[in-house]
Structure formats: C-alpha cells, structure tokens
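Notes to accompany the following structure.
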There are 2 protein chains.
Amino acid sequence: MVTIGDVARVAGVSRSTVSYALSGKRAISDQARRRVEDAVRELGYTPNAGARALATSQTMVIGLLARFLEDEFAPAMLQYMLGVSNTARELGYDILLSTEEDGARALRRMSDSRMVDGVVLLNVAHEDDRLPVLRAAPQPGALVGLPGDCTGVDVFDLDFEEAGRLMVDHLFRLGHRELILVSQPEHVVERGGAYVWRLQNAAQEAARARGVTLHATFGSSRQPEIGRDLAAVLDAHPGATGLILNNEAAAAALPSLLHERGLSAPRDLSVLGRYSEEFASTFSLHYSAVESAPDRLGRMAVRQLVRRIEGEIAPDDPYVVRFVSPELVDRGSTGAPPARAPG
Amino acid sequence: MVTIGDVARVAGVSRSTVSYALSGKRAISDQARRRVEDAVRELGYTPNAGARALATSQTMVIGLLARFLEDEFAPAMLQYMLGVSNTARELGYDILLSTEEDGARALRRMSDSRMVDGVVLLNVAHEDDRLPVLRAAPQPGALVGLPGDCTGVDVFDLDFEEAGRLMVDHLFRLGHRELILVSQPEHVVERGGAYVWRLQNAAQEAARARGVTLHATFGSSRQPEIGRDLAAVLDAHPGATGLILNNEAAAAALPSLLHERGLSAPRDLSVLGRYSEEFASTFSLHYSAVESAPDRLGRMAVRQLVRRIEGEIAPDDPYVVRFVSPELVDRGSTGAPPARAPG
DNA sequence: CTGAAAGCGCTTACAG
DNA sequence: CTGAAAGCGCTTACAG
C-alpha cells in the first residue's frame with residue numbers, strides 16, 4: 001500500500017510536512033503544499049485509518065448496539081439505525097454495528113479494544129445489562145430509550161407519558177368515554193420495555209382524571225395472534241369507541257380486522273396509533289398516530305455523542321435526558337363516537 | 001489504558017512472551033503462561049484492535065454496504081443485514097456499516113483507508129457503480145445480488161429465473177391458464193434491479209411454453225398506490241385466476257383489497273408471492289410464496305468472503321456465482337381455479 | 001516554514 | 001523456552 005513515506009519521497013519533503021499539509025495543522029509553503037497535493041493525487045494516497053487511530057487515539061468510529069428482541073417489531077429498529085448511521089456519516093464518523101444477542105459482551109469488546117470513540121445504545125431497557133459496562137467504559141455513550149438509571153449517559157426518548165396523555169385527551173375531547181389501549185406483549189414489559197408502561201400508566205391516569213374508562217391490554221407482536229387479540233378485546237368491550245395502539249403489529253393487523261367486521265374508522269371506531277411516518281407509509285396505515293420519530297431520536301443521540309467525543313461539552317457539563325414531544329399526525333381516523341344504538 | 005507492556009511488567013516477562021502467550025503462536029512455559037493469564041485478569045487487559053491491525057494488516061472487520069433505494073422495501077434489506085452481521089460475528093469479525101447513498105464513495109473510503117478486510121455488497125444492481133471500486137480494491141468482496149459482470153467477485157443470489165418458472169409452473173399444474181404478475185416498480189428495473197426482469201422474463205417464457213397467458217405489470221412500492229395498482233390490474237384482467245407477486249408492498253396490500261372485494265384466496269384467486277418467512281410472519285401474509293432466504297444469502301456471502309480473507313481459497317481458485325434454489329412455501333393460497341361462471 | 005525523531009500498542013522474525 | 005528489537009503507518013512535540 002502507498003504510505004505517507006511514499007508521498008513524502010515523491011513530493012521531496014519530509015513525512016511530517018506531508019502530514020501537516022494534509023491536516024492543515026501548521027503553516028506550509030505554497031510550493032510544498034502543491035507538491036504534496038500532486039504526489040497524493042499521483043499515488044492515490046489515503047491515510048491508513050488504523051495507524052492514524054493509534055497515533056491520535058481517535059478512531060472516528062461510533063459503535064451502534066442494536067437489539068432485536070423477540071416480540072418486538074424489527075422493522076421499527078431499522079429506522080433508528082438509519083438515523084444513527086446517516087447522522088454519524090454526516091459528522092465524519094463510521095459505524096461499527098453490533099446485532100449480537102449479548103449486547104453487554106459486544107459493548108465490552110468494542111470498548112476494551114478501543115475500536116470506537118463512543119457508542120449509541122438502541123432499545124434500552126429499564127434495567128439494561130449494557131449500562132454497567134458503558135458506565136465503566138472510557139468512551140461516552142448515548143441512549144435511545146429511557147433506563148431506570150440515567151447517570152453517566154445522555155438519554156433520548158420519545159415522551160411516552162405525554163404521548164399517553166395526549167392520545168386519551170384527544171379522544172376525550174372528541175367525545176369518547178370508553179377506550180381500549182393495546183400495548184406490546186406483556187413479555188416486553190417484563191424484561192424492561194419501560195416505554196410500554198410509561199405510556200400505559202400515563203394514559204390510565206389521564207383517563208381517570210377525565211372520567212374515561214380505559215381498558216388497557218397487551219397484544220401479541222406476531223401475526224396472526226395479534227389479529228385474534230384485537231378481535232377478542234373488541235368483543236370484550238363492545239361499548240368502546242376509541243382504540244389506541246402502542247404496538248406496531250396491532251396497527252398492521254387492524255385494517256384486515258376492520259374489513260372483516262365491516263367497520264371503518266372513524267365512523268365506527270376512532271383509531272390512534274403510535275408509530276413512525278415511515279412505518280405508516282410502508283404499511284399503508286392511514287390511522288392518525290403519535291409520531292415516534294426514530295430518525296430524529298437517532299440523530300439527536302449521535303449529535304450529542306459527537307459533542308462529547310470531541311470535547312465540545314465540558315467534562316463537568318451534566319448529562320442530559322431529553323424527551324421528544326409527541327406529535328399527533330392526523331390522518332383522519334378519529335372523530336366523534338358513533339351515535340348510540342337506540343334503546 | 002492498560003497495554004501489553006503493563007501486562008509484561010506485572011507478569012515479569014517480556015512483551016513478546018505476553019503476545020505469544022495470548023496468541024498461542026509459540027510454546028510457553030506453564031509458569032509464564034499462568035503469570036501472564038493472572039496479570040491479564042488482574043489488569044483487565046484487552047489488546048488494542050488498531051495496534052493489532054497495524055501490526056498484522058488484519059482488521060477483523062468486514063464492511064457492509066447496504067443500499068436503501070427509493071421504491072424498494074426497506075424492511076427486506078434488514079434481513080440481509082442481520083444475516084451478514086450475525087454470521088460475521090460468529091466467525092470473529094465485526095461489521096462496519098455503510099448506509100450512505102453514495103455507496104461507491106463509502107466503499108472507496110473503507111478500502112483505501114484499510115478499515116476492513118473485505119466487504120459485502122447488498123442490493124447489487126446490474127450495472128453497479130460500486131463494482132469498479134471493488135475490483136480495484138485489494139480486499140475481496142462478496143455480493144448479494146447478481147450483477148451483469150461477475151468477474152473478480154463472489155456472487156450469491158436467489159435463482160430468480162427458476163423462481164419465475166416455478167411459480168408459473170405451479171399454477172399451471174393446478175389448472176390456471178391466465179395469470180397476472182406484479183413486479184416491483186419499473187423504476188427499479190430501469191436502474192438495474194436485475195432480479196425483477198430475471199423473474200419476469202423466465203415467467204413469461206415458461207408461460208409461453210405452456211400456453212398460459214401472463215399479464216406482466218409493474219406495481220408501485222408504496223401505499224396506497226400499490227393498492228390502486230392491484231385493483232386496476234385485477235379489473236383489467238377479469239379472466240385471470242392466478243396472481244404472482246414479486247413486490248413486497250403488493251403482498252402487504254393485498255389482504256385489504258381482497259377483503260374489500262369479498263374475494264378470498266385460493267377460492268376466487270390463487271396467490272403466490274416472493275418474500276421471506278420473516279416478512280410473512282411479521283405482516284400476517286398467509287400466501288404461499290417463494291422464500292427469498294435473505295438470512296441464508298447473507299450467511300453464504302460472509303462465509304465465502306471470510307474464506308477469501310483468510311486465504312483458505314487458493315488465489316487461483318475461481319470466483320463463484322452461487323444461486324439459491326427457490327423453495328415454494330405452501331401456505332394454502334393456491335388451488336384449482338374457480339369454475340367458470342356459466343354462460 | 002521544515003525535518004528528524006519519538007511514540008501510539010501491537011506482532012514477529014531474529015538470536016540465543 | 002525467552003527477550004531485545006524492528007516494524008506496521010501515522011501524528012506531533014521539539015529543535016532549528
């Protein structure tokens with residue numbers, strides 16, 4: 001391979017001059033600069049990233065720890081990944097991706113062997129086994145997802161509590177007094193998927209405060225089970241006029257179910273989901289929804305992480321926990337509840 | 001950070017002894033080995049990956065060049081990525097992920113700066129601008145997707161031609177004589193999505209050979225457009241009794257459409273898709289389909305790539321082009337065509 | 001404005 | 001079986 005020494009020889013200058021000409025870290029005569037540039041072009045020189053990393057202690061690589069858990073909707077994860085990856089690239093960083101099950105191990109490997117300057121953790125659980133590893137690591141970390149303990153890390157998440165309140169409130173104002181909330185599977189909650197209960201508890205509380213009945217249930221993340229779950233919960237609560245979905249699979253399965261039953265939204269049932277624009281458009285979901293903003297969250301996490309990496313944040317600057325406010329995208333699937341059948 | 005020198009000092013041996021004790025590349029006395037192991041544990045030593053890469057010219061990293069193109073179904077790409085990533089890890093490699101638009105540039109950067117030992121290209125086009133870069137690179141590359149020119153690379157893909165024949169044949173044997181094929185958008189074909197025309201041409205030919213009428217059309221990759229496309233093509237060919245879908249969005253949109261029209265498969269229409277098991281289960285698609293095997297293709301590509309990287313393949317061993325035979329997963333959505341309406 | 005040299009943390013012939 | 005030393009390809013004080 002062509003090295004900085006080759007460039008120096010061809011340009012007739014020293015290796016340090018080549019280095020400085022390229023980095024611009026000290027003044028260089030026009031003549032030297034031109035000869036270096038020519039030599040670089042002629043030889044097709046690109047610095048060896050490993051050697052540079054060794055010399056500077058900077059890898060210009062960010063570790064991305066994705067977690068694909070059973071009972072969660074994989075395509076949703078992709079949107080977060082893309083937000084992280086694209087933003088990192090814009091800021092000059094590459095992405096080292098881990099999708100392995102044992103995220104703590106992957107993180108330890110990346111961190112201990114100094115492969116990355118910082119890491120982004122996706123799909124963070126309430127008690128996340130990657131967090132102790134991250135806190136002990138010399139590299140900074142940014143999370144997408146709110147853990148129970150946020151010390152030592154920057155945290156970004158959708159404000160799921162506000163989302164829960166917003167959804168109940170929206171339907172309440174339209175006149176609904178009996179609602180159903182279908183969340184992710186209970187299994188997700190048990191292993192620490194805090195966003196599930198954050199939304200659910202807030203929704204419950206808002207409902208109570210307004211005198212609204214809210215039937216909160218868990219649904220499967222799989223087809224066709226979730227279709228049956230939805231059917232069962234609708235049957236169980238015939239008086240419910242509004243349906244809130246914090247479960248992508250449920251949203252994807254709902255159109256078929258409504259068709260089967262000859263129901264349409266919002267005529268017979270008002271429907272409100274929580275998913276991304278991208279998801280809606282890919283799966284033809286014309287339900288109004290709280291935007292989960294995966295790309296934006298990924299972007300925020302990377303931006304903050306890079307600020308930490310590059311020392312733009314003073315060491316004693318506090319860590320942040322930043323919530324994205326839920327936005328309700330109106331696609332026309334909510335309206336006044338149907339008039340009660342006479343009698 | 002703790003270096004090999006720290007370990008050597010604590011263990012009371014030389015740095016080379018530590019290195020050899022860890023790599024096992026030369027015999028070590030039991031005593032020395034034990035002291036090294038103790039010191040490693042005590043200090044929590046992990047070799048610096050960059051330094052090791054510089055010394056060995058091996059990064060133990062594989063570049064993964066994903067391409068998310070407009071009009072293609074993003075979640076499908078994720079399955080390939082997971083196949084690649086998980087297999088790489090099993091074989092001891094990490095993944096450097098690129099999702100940027102300019103794949104050729106990303107590849108050049110990874111390759112020139114020696115960040116990777118080899119690369120996997122996903123979603124390869126007939127004329128793929130990443131290929132010239134790859135051929136000029138010192139690292140080997142494996143492709144998922146068949147390009148027009150396969151020289152210098154290992155290629156893995158589903159046998160889309162066989163898939164096209166298989167699907168037509170399957171429906172022909174059930175008695176169908178008029179079929180519809182809905183492919184990806186024409187736009188995908190125009191920019192080199194060879195799998196679209198490979199399947200379509202083979203299907204056309206098989207249909208001709210059997211005296212079957214095949215209406216080949218392109219459909220949108222987006223909702224709700226694809227729903228309208230499907231409706232239009234069904235209206236245009238009322239005599240068609242079989243529907244072949246080489247378009248994930250179409251498959252996802254079909255259930256609603258059939259419900260709307262009061263049709264069911266296979267009673268009124270036999271349906272045959274081309275997508276993965278994972279896709280089918282995530283989106284509740286109970287249509288029989290040719291399995292696109294993304295995880296398997298990703299796995300095959302990485303395995304071959306690692307063989308090349310590690311020199312298990314002799315330099316003069318020819319490059320391979322390996323097709324996965326399509327398997328038809330029967331989910332019961334095909335059957336005999338409906339009896340003709342009398343008259 | 002420039003060069004010689006040290007150093008980043010490893011691996012691996014070389015010599016014993 | 002082991003150690004001293006060279007080398008991988010960079011960057012960056014240091015000295016001029």
Side-chain angles (χ1 to χ4, degrees), chain A residues 1-37 39-40 43-61 109-117 138-139 310, chain B residues 1-37 39-40 43-61 109-117 138-139 310:
Chain A
M1 68 175 294
V2 27
T3 73
I4 198 171
D6 300 325
V7 176
R9 189 161 10 81
V10 169
V13 298
S14 72
R15 300 190 305 152
S16 51
T17 296
V18 175
S19 178
Y20 285 119
L22 260 35
S23 71
K25 287 189 184 172
R26 83 176 178 194
I28 295 282
S29 69
D30 275 0
Q31 197 204 16
R33 179 188 312 285
R34 210 170 314 113
R35 283 159 67 179
V36 168
E37 281 165 1
V40 164
L43 299 173
Y45 170 70
T46 306
N48 180 304
R52 175 175 280 178
L54 188 56
T56 61
S57 302
Q58 288 222 128
T59 63
M60 301 306 285
V61 174
R109 182 164 41 78
M110 284 184 189
S111 167
D112 284 353
S113 63
R114 300 296 199 278
M115 303 183 83
V116 297
D117 294 336
Q139 300 96 339
E310 301 188 344
Chain B
M1 68 176 293
V2 28
T3 73
I4 198 171
D6 300 324
V7 177
R9 189 164 6 86
V10 169
V13 299
S14 72
R15 300 190 305 152
S16 51
T17 296
V18 175
S19 178
Y20 285 119
L22 260 34
S23 70
K25 286 189 184 172
R26 82 177 179 193
I28 296 283
S29 70
D30 275 1
Q31 198 204 15
R33 179 188 313 286
R34 210 168 314 111
R35 283 159 65 178
V36 168
E37 282 164 1
V40 164
L43 299 172
Y45 169 70
T46 306
N48 179 304
R52 175 175 279 178
L54 187 57
T56 62
S57 303
Q58 288 221 127
T59 63
M60 299 307 285
V61 174
R109 181 165 41 80
M110 285 185 187
S111 168
D112 284 352
S113 64
R114 299 296 199 279
M115 303 184 81
V116 298
D117 294 337
Q139 300 96 338
E310 301 188 344

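Chain letters run A, B, ... following the sequence lines, proteins first, then strands; residues in each count from 1.
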* **Pairing annotation in dot-bracket form, given for DNA chain D with Watson-Crick or G-U pairs under 3.5 Å and | for cross-strand partners** => |||.||||||||.|||

* Spacing of A:Tyr45 atom OH and A:Glu37 atom CD [to the nearest 0.5 Å] -> 14.0 Å

* To do: Using a heavy-atom cut-off of under 4.0 Å over every strand shown, decide if B:Ala53 touches base, sugar-phosphate, or nothing.
  => nothing

* So what does B:Arg15 hit on the nucleic acid, given a heavy-atom distance under 4.0 Å: a base, only sugar-phosphate, or nothing? -> base

* Asked: Across the strands shown, which category fits B:Ser19 at heavy-atom distances under 4.0 angstrom: base, sugar-phosphate, nothing?
  -> base

* Asked: Using a heavy-atom cut-off of 4.0 Å to chain B, what are the terminal contacting nucleotides of DNA chain D, in 5' to 3' order?
  -> D:dC1 to D:dG9

* Look up atom CG in A:Asn48 and atom OG1 in A:Thr3, then write down how far apart they are to the nearest 0.5 Å. => 9.5 Å

* To do: Kindly indicate whether the side chain of B:Met60, heavy atoms from C-beta on, has any atom under 4.5 Å from the side chain of B:Arg52.
  => no

* From A:Arg9 atom CZ to A:Leu43 atom CG, the distance as rounded to the nearest 0.5 Å -> 8.5 Å

* Asked: Do you see a donor-acceptor pair shorter than 3.5 Å between the side chains of B:Ser14 and B:Thr17?
  -> yes

* Where A:Arg15 and A:Ile4 come nearest, the two heavy atoms and their spacing -> O-CD1, 3.7 Å

* Structure fact -> When B:Gly50 and B:Ser23 are each assigned the nearest nucleotide of DNA chain C, the 5'-most assignment goes to B:Gly50

* Output yes when a side-chain donor or acceptor of B:Ser113 lies under 3.5 Å from a complementary backbone atom of B:Arg109, and no otherwise. => yes

* **Sugar-phosphate, base or nothing in reach of A:Ser16, heavy atoms under 4.0 Å** => base

* To do: Scan A:Thr3 against the nucleic acid and name what it touches under 4.0 Å (heavy atoms): base, sugar-phosphate only, or nothing.
  => sugar-phosphate

* Without swapping roles, check the side chain of B:Asp117 against the backbone of B:Gln58 for a donor-acceptor pair under 3.5 Å. => no

* **Of B:Val18 and A:Arg26, the one whose closest DNA chain C nucleotide lies more 5'** => A:Arg26

* Structure fact -> dist B:Leu22:CG -> B:Arg33:CZ (nearest 0.5 Å) comes out at 10.0 Å

* Could you say whether B:Ile28 or B:Thr56 is positioned toward the 5' end of DNA chain D, judged by the nucleotide with the nearest heavy atom to each? => B:Ile28

